[in-house]
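The shown structure was predicted, so the numbers you read here are calculated from the model rather than taken from an experiment. For the single chain, residues carry numbers from 1 onward in sequence order.
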Amino acid sequence: MQDLIITLLQKMFVLTLQMSVPVLLIGVVIGLMVSIFQTVTQIQESTLTFVPKIVGCVILLIFLMPWMFSVFINTVEEFMSIIPQLVGAM
């Protein structure tokens, strides 16, 4: 029973990482590019980094949404199939 619960928690953490890492990476890459641009041009506007990050993350989410939904739905279906084992073990 505990092994099954630990496995479910591990899968939930992996799913969370799978969903969040692409968006976080694009935010870091865009932030780095804007920082390099600011350093080269000596424009030190603190709000300049937010708009490109938001636009980049939204565009990435639009393109990755079908993949994210399919991975999420497959994982939820897998979890739902394990529920009877959890109830039976109690």
Within a reach of under 6.0 Å around [atom1] of [X], are more than 12 heavy atoms found that belong to other residues, nucleotides or ligands?
{"X": "Glu45", "atom1": "CD", "result": "yes"}
{"X": "Met80", "atom1": "CE", "result": "no"}
{"X": "Phe79", "atom1": "CZ", "result": "yes"}

Verify same cluster id: [X], [Y] (apolar side-chain graph, 4.5 Å):
{"X": "Met65", "Y": "Val76", "answer": "yes"}
{"X": "Leu61", "Y": "Val29", "answer": "no"}
{"X": "Ile54", "Y": "Met19", "answer": "no"}
{"X": "Leu32", "Y": "Val34", "answer": "no"}
{"X": "Ile43", "Y": "Phe50", "answer": "no"}

Drop me the distance from [X]'s [atom1] to [Y]'s [atom2], to the nearest 0.5 angstrom.
{"X": "Lys53", "Y": "Leu48", "atom1": "NZ", "atom2": "CG", "value": "10.5 Å"}
{"X": "Ile30", "Y": "Leu60", "atom1": "CD1", "atom2": "CG", "value": "8.5 Å"}
{"X": "Ile59", "Y": "Ile26", "atom1": "CD1", "atom2": "CD1", "value": "9.0 Å"}
{"X": "Ile62", "Y": "Cys57", "atom1": "CD1", "atom2": "SG", "value": "11.5 Å"}

Item to complete: In sequence, state the C-alpha distance, the side-chain angles, and the governing distance for Phe37 and Met33, and then conclude on side chain to side chain contact (heavy atoms under 4.5 Å, CB included).
Response: CA-CA 6 Å; Phe37 174 76; Met33 290 177 6; over 6 Å; no
Residue pair [X] / [Y]: nearest heavy atoms and the distance that separates them:
{"X": "Gln44", "Y": "Gln38", "answer": "NE2-O, 3.5 Å"}
{"X": "Leu15", "Y": "Val71", "answer": "CD1-CG1, 3.6 Å"}
{"X": "Leu64", "Y": "Pro22", "answer": "CD1-CB, 3.6 Å"}

Worksheet item: Do Leu24 and Val28 come close enough that some side-chain heavy atom pair is under 4.5 Å?
Response: no
